[in-house]
2 protein chains.
Amino acid sequence: MAQTHTARLMDGTRLAARIIETSSAAAEDIRRRTGTAPCLATVLVGEDPASVTYVQMKRARCAKAGIQSRHVALPASVGTADLVHAITELSQDPGVHGILLQHPVGPHIDERAAFEAIAPDKDVDGVTMRSFAATAFGLPGFVSCTPAGIMRLLDEYGVELAGKHAVVVGRSAILGKPAGMLLLGRNATVTYCHSRTADLPSIVRQADVLLAAVGRPRFIGGRDIKPGAVVIDAGYNPGNVGDVDFETAKDRASLITPVPGGVGPMTIAVLLAQTVQAAAHQLNVT
Amino acid sequence: MAQTHTARLMDGTRLAARIIETSSAAAEDIRRRTGTAPCLATVLVGEDPASVTYVQMKRARCAKAGIQSRHVALPASVGTADLVHAITELSQDPGVHGILLQHPVGPHIDERAAFEAIAPDKDVDGVTMRSFAATAFGLPGFVSCTPAGIMRLLDEYGVELAGKHAVVVGRSAILGKPAGMLLLGRNATVTYCHSRTADLPSIVRQADVLLAAVGRPRFIGGRDIKPGAVVIDAGYNPGNVGDVDFETAKDRASLITPVPGGVGPMTIAVLLAQTVQAAAHQLNVT
């Protein structure tokens, strides 16, 4: 019987733990040298159970890493002006080094206006227009956490990007779009696909690096994956199911992220790392 | 003898003239209603002959369209701080509605810092980070002039974009990158290619819409063009030569922009249109 090929797993849990360890040491160094610990402000609108859980998890990870957090909970009924006001106060508060607005916020709120109230040097979640443009232009600035985490995973596993064809399925402002720009900045040829793409399989089959970021369970079948491709699954659907059909994909890919334990843990690790980086910058610790 | 197919030309000269006519009427309306004509500030660093010519041409077109212009000429030796200062003053001057920094500026200047000194509502050339992000996110804002002109040409000729594969060759901050984002916003599948792309012909052959924006004469051969493709040549190389080999491309494309007379005239038309739009906004003319 022929040996069945199976892709090597890209272990996000392990890499994230290492990044958090480094950030934790840096946070302690900052606290020791300045008397001030890095502080992340978390802003939550309403009581959506998933959002509440995410924010709690982020705050717990911060605490474990020696990063303080300050929580601002606003009622679901809050208007755009009051939310912008609350975020602007945090932007001006020297005791806050990073700001995370848990999103989506309610449909009655102008989420973009809320994001833009975050000072650029505190935008550790990389959600502002300026941060996006900096990412696209290769300028200094904070990168949206999930795309930044994906790049770290690719580097950790030594994936060569220059000249390779990277296919990004999904075009959200915080994931698909910035991820494509980062891959382009690393000299990959980048194709953006989405729900309106005419013949998705024919494009997926060309991908040396495939990034699935659509949020539809098993949307991409393994049969369409180019043998030897690197598959990054940023999907996280109910029941711990990714956007890629893992079972069939793993037999063709050379490297693949599991769900869970691939991209997911990287997002929060980057958030902590960028918070510590923001604090170091604001507290003049070099 | 078989009839030879030839692409229909996309006449940028004619469409640009129509846009300028509309902008001219709108400028006159603004002047009549407010007593103030729209005003574009042009900033030129040094005396590079091509840059001098471009600025003169833009100012002449403004004058013809009833748009005032104010010229700020700075010596080639000007530093970043002084250039930023000059642009900041224009940003704060209520008599100036739009600002154009002729670029490239000298290599000793931080061009990005100079661009970012342009107030968002006066960024009629669409060069700031905020304008780029607005373009990428489909938010209100000024679009980089050449990509905006290309979209107007595509619309003028009724080119359907949704679901089509658009291939952008080139990834500059003012042309390739924003053009790709605009095409993506119109639901095209978008591939960015560049000098490091491994097999450019194989990607070009897939393009329903091809945008050449590399600045290399006849870089893209007609033989690689998909029959029936729409070909936009944003290249403008010495000797009026585009980035596409026009003679061979025109026998395969369904629509193609000539060089000159295609994309070129559109850039300046959009600049004037956006200047009038900025003035209308700042002078509260609706």
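Bear in mind that the values here come from a model prediction, so they are computed numbers and not experimental data. Chain A is the first sequence line, chain B the second, and so forth, proteins listed ahead of strands; every chain is numbered from 1.
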* side-chain contact (heavy atoms from CB on, under 4.5 Å) evaluation trace for A:Leu183 with A:Met151 -> CA-CA 8 Å; A:Leu183 292 161; A:Met151 298 310 287; 4.0 Å; yes

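- Taking A:Ala162, A:Ala136, A:Cys193 one by one and counting their heavy-atom pairs under 4.5 Å with chain B, the maximum is reached by A:Ala136.
- Of the two parts of A:Leu200, neither the backbone nor the side chain holds a non-hydrogen atom closer than 4.5 Å to a non-hydrogen atom of chain B.
- Of the listed residues (B:Leu139, B:Thr189, B:Val167), the one with the most heavy-atom contacts under 4.5 Å to chain A is B:Thr189.
- Chain B is approached within less than 4.5 Å, heavy atom to heavy atom, by A:Ile203, A:Gln206 from residues 203-227 of chain A, ordered by number.
- Listed by first and then second residue, the salt bridge (charged side-chain N to carboxylate O under 4.0 Å, His left out) pairs involving residues 101-116 of chain B are A:Arg130-B:Glu116, B:Arg112-B:Glu116 (not counting sequence neighbours).
- Between A:Tyr192 and B:Tyr192, the ring planes lie perpendicular to each other; the angle is over 60°, past the 30° to 60° tilted range.
- Residues B:Thr128 and B:Asp123 bring a donor and an acceptor atom of their side chains to less than 3.5 Å of each other.
- Taking the six-membered ring where the residue is Trp, A:Phe115 and A:His103 present perpendicular rings, their angle passing 60° and hence far from 30°.
- Residues A:His165 and A:Thr191 have side chains that bring a donor and an acceptor to within less than 3.5 angstrom of each other.
- The two residues A:Val230 and A:Ser254 come nearest to each other via the heavy atoms CG2-OG, 4.0 Å.
- Residue A:Ala134 touches chain B through both its backbone and its side chain, counting heavy-atom pairs closer than 4.5 Å.
- Side-chain atoms of B:Thr88 and B:Ser91 form no donor-acceptor pair, as typed in the model, at a separation below 3.5 Å.
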